[in-house]
K.L.:
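Before we start, here is the structure in question, set down as structure tokens.
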2 protein chains.
Amino acid sequence: MLSPTEENYLKTIYALQLEVDKDISTNFIASKLHTKASSVSDMLKKLGNKKLIIYKKYQGVKLSDKGNKIALKIVRKHRLWECFLVKELNFKWDEVHEIAEQLEHVKSDDLVDKLDNFLGRPKFDPHGDPIPDKYGNIVENNTVNILGMQIGEEGKLDCVKDSSEVFLRYLNNKNLALGDNIKVVEIEPFDNSIRIKTKSGSITISKHVAENLYLKTN
Amino acid sequence: MLSPTEENYLKTIYALQLEVDKDISTNFIASKLHTKASSVSDMLKKLGNKKLIIYKKYQGVKLSDKGNKIALKIVRKHRLWECFLVKELNFKWDEVHEIAEQLEHVKSDDLVDKLDNFLGRPKFDPHGDPIPDKYGNIVENNTVNILGMQIGEEGKLDCVKDSSEVFLRYLNNKNLALGDNIKVVEIEPFDNSIRIKTKSGSITISKHVAENLYLKTN
DNA sequence: TTAAAAATTTAGACAAGTCTAAAAATATAT
DNA sequence: ATATATTTTTAGACTTGTCTAAATTTTTAA
Ligand SMILES: [Mn+2]
Ligand SMILES: [Mn+2]
Ligand SMILES: [Mn+2]
Ligand SMILES: [Mn+2]
């Protein structure tokens with residue numbers, strides 16, 4: 001039985017592996033978890049002993065098959081609970097992430113599967129992220145980051161990478177939601193900011209914002 | 001912000017105060033929590049410093065107003081989650097207690113109230129226990145323990161005090177559920193066992209079982 | 001009222017997870 | 001290739017909650 005802390009480390013390594021292709025460094029994990037490299041180092045030793053990660057000192061880590069399975073289960077729980085909160089309890093999409101951070105550590109396989117059925121086996125969470133099924137199968141959504149698009153290209157907002165309250169409220173303020181059509185109008189090479197056309201007019205978004213917007217193009 | 005452990009101590013003291021009228025002893029708490037008196041002693045000092053309990057060394061404890069409020073909030077969460085699990089996710093009444101023990105520590109006032117509304121503000125949980133409202137008001141159900149009844153008296157099973165899987169499965173096996181009519185047929189003075197008539201015949205229950213059955217008589 | 005028994009608290013240790021500071025290993029740059 | 005900078009690990013300390021064993025207080029009972 002893993003502690004919530006151990007589960008969070010596995011989940012973080014899982015997320016970082018999707019971000020970059022190489023082994024995950026101690027510092028990278030520390031920055032994501034807002035903790036210190038020394039704490040991470042201690043934990044990596046522990047997770048390595050439990051065969052949940054492949055770990056050689058100073059070489060970075062990756063999840064073992066066993067660790068990957070557990071990470072997927074936690075991701076599944078997190079996203080299913082987010083669905084529940086938004087669809088059944090009428091939370092807004094910007095209010096659910098922190099609560100799901102807690103709910104994802106509730107231990108009961110039966111609970112997850114019953115929740116999944118209750119919700120009608122959703123495939124995506126309120127932020128457009130795919131939900132692994134009970135066997136750990138996950139569809140990677142083929143979306144493109146808006147930074148990779150050219151002037152004149154357009155698509156529908158399909159997924160936001162940052163689920164924090166502060167980012168989602170920014171999108172709310174700009175009247176941007178999943179499914180909205182977005183067209184790239186202008187690209188500023190100096191700071192990579194982008195002028196986009198949305199349903200409620202044209203706005204400029206910073207590179208930092210753009211990094212978190214994924215569109216489905218045709 | 002309290003830890004799950006601190007919350008469990010408060011909840012336990014709350015429950016014990018309903019059981020007995022005097023201040024709650026260290027050993028009594030230890031036995032309920034399956035821990036040692038020395039651990040309890042440490043925790044009581046801490047909860048006392050936080051003004052959550054009234055504590056004088058060697059004198060036993062009771063909840064302060066502040067502690068009582070928190071205990072009621074946890075009880076409310078526990079019982080609402082049990083309702084959710086049974087009514088929405090189709091768990092059986094004997095499967096939910098342990099899961100609710102985890103869910104009750106999820107922190108979000110908004111979540112509790114939205115869950116309450118979603119469920120239609122239920123007044124009782126699947127074991128017949130009353131659910132405090134958002135202000136901490138709780139209706140004490142006026143039920144009578146079957147040990148206090150005479151031969152020939154009858155009533156409807158309204159509440160079970162033990163919510164453990166093992167006890168509720170025993171009741172399932174005897175085909176006994178909340179709402180069922182029960183009549184006292186015979187009382188054995190030697191061991192306080194009771195012969196009762198239920199919808200599916202007449203059975204003998206031990207004193208230990210009887211202690212956990214509360215009926216509503218007319 | 002005093003001695004024995006029981007209950008409670010304290011002392012000291014341990015595990016988990018975190019931190020700072022220092023040491024060791026790796027990467028970078030001249 | 002070597003010195004410097006960066007990253008990672010280790011050492012030692014701290015916190016929370018637990019335990020056993022010992023000391024203290026309260027209760028019970030002679
Ligand atoms: Mn989330
Ligand atoms: Mn999400
Ligand atoms: Mn319960
Ligand atoms: Mn209950």
Side-chain angles (χ1 to χ4, degrees), chain A residues 1-13 16-17 19-63 67 70-71 74 101-102 104-107, chain B residues 1-13 16-17 19-63 67 70-71 74 101-102 104-107:
Chain A
M1 197 91 316
L2 299 184
S3 70
T5 307
E6 292 171 313
E7 292 186 340
N8 281 335
Y9 272 90
L10 293 180
K11 189 180 56 150
T12 299
I13 296 168
L16 296 180
Q17 283 185 337
E19 270 189 51
V20 301
D21 210 15
K22 49 182 197 287
D23 284 4
I24 307 304
S25 74
T26 301
N27 268 347
F28 200 10
I29 298 170
S31 69
K32 275 280 164 164
L33 284 175
H34 305 107
T35 183
K36 303 293 169 181
S38 55
S39 307
V40 174
S41 215
D42 286 347
M43 182 57 87
L44 294 184
K45 195 186 297 171
K46 192 161 103 175
L47 295 175
N49 289 338
K50 293 190 179 186
K51 308 288 183 203
L52 297 168
I53 59 175
I54 317 298
Y55 174 48
K56 273 183 309 204
K57 268 197 220 176
Y58 294 99
Q59 299 311 127
V61 295
K62 62 183 169 198
L63 293 176
I70 294 172
I74 301 160
E101 287 290 310
Q102 300 180 63
E104 73 189 5
H105 301 294
V106 172
K107 265 140 188 112
Chain B
M1 197 92 314
L2 300 183
S3 70
T5 307
E6 292 171 313
E7 292 186 341
N8 280 335
Y9 273 90
L10 292 180
K11 190 179 56 148
T12 299
I13 296 168
L16 297 180
Q17 283 185 338
E19 269 189 50
V20 300
D21 210 14
K22 48 183 197 289
D23 284 4
I24 306 304
S25 74
T26 301
N27 268 347
F28 199 10
I29 297 169
S31 70
K32 276 280 163 165
L33 285 174
H34 305 107
T35 183
K36 302 294 169 180
S38 56
S39 307
V40 174
S41 214
D42 287 346
M43 182 57 87
L44 294 184
K45 195 186 297 172
K46 191 159 104 176
L47 295 175
N49 289 338
K50 293 191 179 185
K51 308 289 182 203
L52 297 168
I53 58 174
I54 319 292
Y55 173 50
K56 273 183 309 202
K57 271 197 219 173
Y58 294 99
Q59 300 312 125
V61 294
K62 61 184 169 197
L63 293 176
I70 294 173
I74 302 160
E101 287 290 311
Q102 300 179 63
E104 72 189 6
H105 301 295
V106 172
K107 265 141 188 110

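In what follows, chains carry the letters A, B, and so on, assigned in the order in which the sequence lines appear, proteins first and then strands, with residues in each chain numbered from 1.
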K.L.:
Just how far, in rounded Å, is P of D/dC19 from CG of B/Leu33?
P.N.:
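Whole-Å distance recorded here is 10 Å.
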K.L.:
For nucleotides 25-28 of chain C, which of its nitrogen or oxygen atoms have a protein nitrogen or oxygen under 3.5 Å away, and what is each distance?
P.N.:
{"unit_1": "C/dA25", "atom_1": "O4'", "unit_2": "A/Tyr58", "atom_2": "OH", "d": "3.4"}

K.L.:
Do B/Tyr9 and B/Val61 have side chains that approach each other closer than 4.5 Å (heavy atoms only, starting at C-beta)?
P.N.:
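A side-chain contact under 4.5 Å is absent here.
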K.L.:
For C/dT10 and B/Lys45 - does any side-chain N or O of the residue sit under 4.0 Å from the phosphate oxygens OP1/OP2?
P.N.:
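Answer is yes, contact under 4.0 Å.
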K.L.:
NZ of B/Lys51: more than 12 outside heavy atoms within 6.0 angstrom?
P.N.:
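12 or below, so no.
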K.L.:
Starting at atom CD1 of B/Ile29, determine the distance to atom C1' of C/dA7, rounded to an integer number of angstrom.
P.N.:
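Rounded to the whole Å, the gap is 13 Å.
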K.L.:
Using a 4.5 Å cut-off on heavy atoms from C-beta on, say whether the side chain of B/Leu10 contacts that of B/Ile53.
P.N.:
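Side-chain contact under 4.5 Å: yes.
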K.L.:
Strictly below 4.0 Å: does A/Asn27 bring a side-chain N or O up to OP1 or OP2 of D/dT6?
P.N.:
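Answer no for this pair, as no side-chain N or O of A/Asn27 is under 4.0 Å from OP1 or OP2.
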K.L.:
Name the nucleic acid region contacted by B/Thr5, choosing base, sugar-phosphate or nothing; use a 4.0 angstrom heavy-atom cut-off, strictly under.
P.N.:
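Sugar-phosphate contact only - B/Thr5 comes under 4.0 Å of backbone atoms but never of a base.
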K.L.:
From D/dT18, C/dT18, C/dT9, pick the nucleotide closest to the side chain of B/Ser41?
P.N.:
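Of D/dT18, C/dT18, C/dT9, C/dT9 is nearest to the side chain of B/Ser41.
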K.L.:
Any side-chain heavy atom of B/Asn8 sitting closer than 4.5 Å to one from B/Glu104?
P.N.:
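B/Asn8 vs B/Glu104: side chains touch.
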K.L.:
DNA chain C: A/Met43 or B/Ser25, which has the more 5' nearest nucleotide?
P.N.:
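Nearer the 5' end of the strand: B/Ser25.
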K.L.:
Between B/Glu6 (CD) and D/dT18 (P), how many Å, whole number?
P.N.:
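It works out to 10 Å between those atoms.
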K.L.:
When the distance from CG of B/Asp23 to C1' of D/dT27 is rounded to whole Å, what number comes out?
P.N.:
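Atom-to-atom, B/Asp23 to D/dT27, this comes out as 16 Å.
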K.L.:
Return no unless some side-chain N or O of B/Tyr9 is found under 4.0 Å from OP1 or OP2 of D/dT16.
P.N.:
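So the side chain of B/Tyr9 is outside the cut-off, no N or O lying under 4.0 Å from OP1 or OP2 of D/dT16.
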K.L.:
Considering only C/dT9, D/dT8, D/dT10, which nucleotide approaches the side chain of B/Tyr55 most closely?
P.N.:
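For B/Tyr55, the side-chain atoms sit closest to C/dT9.
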K.L.:
What verdict does the side chain to side chain contact (heavy atoms under 4.5 Å, CB included) test give for B/Phe28 and B/Val20, after you've listed the backbone C-alpha separation in whole Å, the side-chain angles of each residue and the deciding distance to 0.1 Å?
P.N.:
CA-CA 11 Å; B/Phe28 199 10; B/Val20 300; 4.0 Å; yes
K.L.:
Whole-Å distance between D/dT10 P and A/Leu44 CG?
P.N.:
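It is 11 Å, rounded to the nearest whole Å.
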K.L.:
Would you say a side-chain N or O of B/Ser39 is under 4.0 Å from OP1 or OP2 of D/dC19?
P.N.:
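Answer yes for this pair, as a side-chain N or O of B/Ser39 is under 4.0 Å from OP1 or OP2.
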K.L.:
Do A/Glu6 and A/Leu52 have side chains that get closer than 4.5 Å, going by heavy atoms?
P.N.:
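They are not in side-chain contact.
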K.L.:
Heavy atoms from C-beta onward define the side chain here; which of D/dT18, C/dT8, C/dC19 lies closest to that of A/Asp42?
P.N.:
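Within the option list, the nearest is C/dC19.
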K.L.:
Once side chain to side chain donor-acceptor pair (under 3.5 Å) is applied, do any residues pair with A/Gln102, and if so which ones, sequence neighbours excluded?
P.N.:
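Not a single residue meets the side chain to side chain donor-acceptor pair (under 3.5 Å) criterion with A/Gln102.
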K.L.:
Look at the side chain of B/Ser38 and decide which nucleotide, out of C/dT20, D/dT7, D/dT20, has an atom nearest to it.
P.N.:
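It is D/dT20.
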K.L.:
Take atom CD1 of A/Ile24 and atom P of D/dT7, then tell me their distance rounded to the nearest Å.
P.N.:
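Between P of D/dT7 and CD1 of A/Ile24: 15 Å.
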K.L.:
Could you state the atom-to-atom distance from CG of A/Asn49 to P of C/dA16 in whole Å?
P.N.:
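Those two atoms, CG and P, are 11 Å apart.
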K.L.:
What's the NZ-C1' distance between A/Lys36 and D/dT7, to the nearest Å?
P.N.:
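Answer to the nearest Å: 15 Å.
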K.L.:
Just grab all the side-chain hydrogen bond (donor to acceptor under 3.5 Å, both in side chains) pairs involving residues 25-34 of chain A, residues at least two apart or on different chains.
P.N.:
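Non-adjacent pairs meeting side-chain hydrogen bond (donor to acceptor under 3.5 Å, both in side chains): A/Glu19-A/Lys32.
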K.L.:
So if I take every side-chain heavy atom of B/Thr26 and compare against D/dT10, D/dC19, C/dT8, which nucleotide ends up nearest?
P.N.:
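Shortest atom-to-atom distance from the side chain points to C/dT8.
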